[in-house]
Amino acid sequence: MEKTLSFKTKFFLTIFFILAIFLLLLTANNKASDYLILILNLMAINIIFAVSLTFINGITGIFSLGHVGFIAIGAYVSSILTLSPAQKEISFLIKPLIYPLNVIQIPFLPAIIIAGLVAAAFGYLVAAPSLRLIGDYLAIATLGLGEVVRVIANNTWSITNGALGLKSIPQYSNLWWTWGFALITVVFISSLVKSSYGRALKAIREDPVAAKSMGINVFSHQVVTFVIGSFFAGVGGALWAHLITTIDPKSFMFQKTFEILIMVVIGGLGSISGAIIGASLYTVGLEFLRVLEEPISIGPIYIPGIPGMRMVVLSLILIIIMLFWRRGIMGRNEITWDGIYKLITKLKNKSSMREDE
Amino acid sequence: MTIQMFFQHLANAISLGSIYALIAIGYTMVYGILNLINFAHGDIFTFSMYFAFYAVTLFLFPWWAAFIFAIVLTTLLGATIERVAYRPLRKANAPKISGLITAIGVSFFLQNFAIVVFGGRAKSFNPQLGVYPTQFAQVLTFGDVRIPLLTFIIIGASILALLVLVWIVYRTKAGMAMRAVSKDVTAAKLMGINTDRTISQTFMLGSALAAVGGILWAMKYPQIYPYTGMIPGLKAFIAAVVGGIGSIPGAMLGGFILGVAEIMIVAFLPALAGYRDAIAYIILIIILLVKPNGLLGVEIGEKV
């Protein structure tokens, strides 16, 4: 039998790990440049997006391509709730914002929660009809739903300000908010995945028909997954809107779902730690790839900056991963304390064996 | 609404529907043979427009030669995509979801490649540039109904392309192989059909139809930018699903339903004009709820 760590050790290790992240964030908050802080914020928000999408796509096997729709709902709801009445009057040029929204202004935390809840409610509404579809049909129907959200946002001038979008959204998101919610998302979803409920979800992913014959209510499990995933997408959307401070329907094109899907696939579809790694690598990598779009001069050779090159490289990476490394970084495995412990002992044994020789 | 206006809208609806049908057939053929949503199909459609545009403006081809050139190049593009991105996955017996993600990646790649190579700014496909004869823009009068000649050209060219397709699929050996592969890949292989070649030919045929659709679309809506194909591509895919994916008559029917519904709903209820892009999705969801396999689709039982 393999030696594993006791519950107590794992608990303390987790506490230490969270403290370490806390200290890192504290240092970053005080010392780092605005640019670095922005990237760290984006990283946390992308983790929320990727983990919630992998919960739907990777764990439960519902291939949903409508994630951006829920992000958009969350972003709009919290922005409208937190903008001041005076700012709303200035922004809504073509049609004024409808009553009671035009006089309401609430603090950030309730706005985030409401944003998540509204996204979850929408998730519930669309889950029932669309989850009757399977596989590719579901993918295309959810893709359509995401687009429908965007089209509605583009046309309901008296609520979303149409194509003009919302500006001067207060910049409430900081490292504490984004990483706090990222932590909540990861802890909540990973404990859900570990529970018997999560095992039922994985059974559905592997074979819905077999799961059904084992007495699992496939449909209701899928609906709950969809609703939870939408909730966190909505929360992430709210944090995102309050980070970039201006949103319009164009910010929520189908490509956004693409990007989140890339993060999930890089990390390994079906792994929470994979989603976290994927989201982090994607966010940082995207910044490094900026080099490709800047003018480069190597000696006498001058290459002007090529806009769009970044995305070309990124999509090539996605295709190459799919062709040669389909399981991504983590596959369906998770990083656990036991796993790390096992790895360390293995390395130790190897080095001591070498000393013996 | 007067009867004249109705006919004007109807002509417009049929021409839009026939373009959707052309693209939808490409989707449906690839899906029928590979069980793969070729997300890149809409971008292949975009590339055909660029090929035609540059053939005229850069290489100074006459418009008809440019169109043939664009169709040939697009066909090759389709074959290349199949060869480079989809065949290795097929060889590795990859799960279906990898195919879908790869297709999304290819679509993402083509869009961004178009931005890098052709630039993000829209190109104008107007007859003044010589990309198609100015006579096409003239308006024919039938009593009180005034319909542009272009509408008839689009409908005629689509019918011609469809007839050629039907001839290939139902009257040639390659077409017979395609139908066999779409029924059962393993059995087709056992019967001595070169399945790789057949799948490649299907891609080429689908891409050629997308190219015809793309050129007609560019004449109708003379603006080309890297994302042009995205929305019509998605709608055409929806048309294929509505008609019952895998079925060529279904794709045609779906294309026409979508084209007519879109134009007519906007014509009768102008208040909904802004929601035009959402109509297709709503039709899709309603139809799938009533008939989960589409209008002309075959029932596929759940595998246990």
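As a basis for the values below, the full set of heavy atoms in this structure was taken, side chains included, without hydrogen atoms, waters or symmetry mates. Throughout, protein chains are lettered first and strands after them, A, B, ... in sequence-line order, and every chain is numbered starting at 1.
- Without hydrogens or angle criteria, A/N161 side chain to A/G165 main chain gives a donor-acceptor distance under 3.5 Å.
- Contact record, B/T75 with B/M204: CG2-CB, 3.4 Å, taken as the closest heavy-atom pair.
- Using a 4.5 Å cut-off between heavy atoms, A/V312 touches chain B through backbone and side chain atoms alike.
- Between B/Y50 and B/F47, the angle of the ring planes goes over 60°, which puts this pair in the perpendicular group of the 30/60° scheme.
- With a threshold of 4.5 angstrom between heavy atoms, A/F324 does not approach chain B through any atom at all.
- If you measure heavy-atom distances from A/A139 to chain B, the contacts under 4.5 Å come from the side chain alone.
- For the options A/L269, A/I140, A/N57, A/V265, heavy-atom pairs under 4.5 Å to chain B are most numerous at A/I140.
- Salt-bridge annotation for B/E82 and B/R197: absent, with no side-chain N of the basic residue lying under 4.0 Å from a carboxylate O of the acidic one.
- Taking A/N155, A/L318, A/L261, A/I321 one by one and counting their heavy-atom pairs under 4.5 Å with chain B, the maximum is reached by A/N155.
- B/R87 approaches B/S200 most closely through the heavy-atom pair NH2-CB, 3.8 Å.
- Of the two parts of A/I320, neither the backbone nor the side chain holds a non-hydrogen atom closer than 4.5 Å to a non-hydrogen atom of chain B.
- Options B/I285, B/L100, B/V84 differ in how many heavy-atom pairs under 4.5 Å they form with chain A, and the most are formed by B/L100.
- Taking non-hydrogen atoms and a 4.5 Å limit, the residue list of residues 141-151 of chain A in contact with chain B, ordered by number, reads A/A141, A/L143, A/G144, A/L145, A/E147, A/V148, A/R150, A/V151.
- In terms of heavy-atom pairs under 4.5 Å with chain A, the best-connected choice from B/T102, B/I282, B/I101 is B/I101.
- Two rings, from A/F49 and A/Y282, have their centers 6.0 Å or more apart.
- Looking at A/L65, the atoms closer than 4.5 Å to chain B (heavy atoms on both sides) all sit in the side chain, from C-beta outward.
- Of the listed residues (B/I97, B/D277, B/I238, B/L36), the greatest number of heavy-atom pairs within a distance under 4.5 Å of chain A belongs to B/I97.
- If you take CD1 on B/I81 and NE2 on B/H41, they are separated by 10.0 Å, rounding to the nearest 0.5 Å.
- Taking OG of B/S182 as the start and CD1 of B/I199 as the end, the distance is 10.5 Å to the nearest 0.5 Å.
- For chain B, no part of A/N154 is nearby; none of its heavy atoms comes within less than 4.5 Å.
- Side-chain contact check for A/S230 and A/H67: no donor-acceptor pair (N or O, by modelled atom type) lies under 3.5 Å.
- Per-residue counts of heavy-atom pairs under 4.5 Å with chain A were compared for B/I245, B/V106, B/I104, B/L284; the largest is that of B/I104.
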Tabulate below the donor-acceptor pairs under 3.5 Å that side-chain atoms of residues 108-121 of chain B make, not counting sequence neighbours, or state none.
unit_1 : atom_1 : unit_2 : atom_2 : d
B/Q111 : OE1    : A/Q255 : NE2    : 3.2
B/Q111 : NE2    : B/D43  : OD1    : 3.2
B/N112 : ND2    : B/F108 : O      : 2.7

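- Side-chain contact check for B/N38 and B/Y86: at least one donor-acceptor pair (N or O, by modelled atom type) lies under 3.5 Å.
- Ionic pairing of B/D196 and B/K91 is present here: one or more N-O contacts between side-chain nitrogen and carboxylate oxygen are shorter than 4.0 angstrom.
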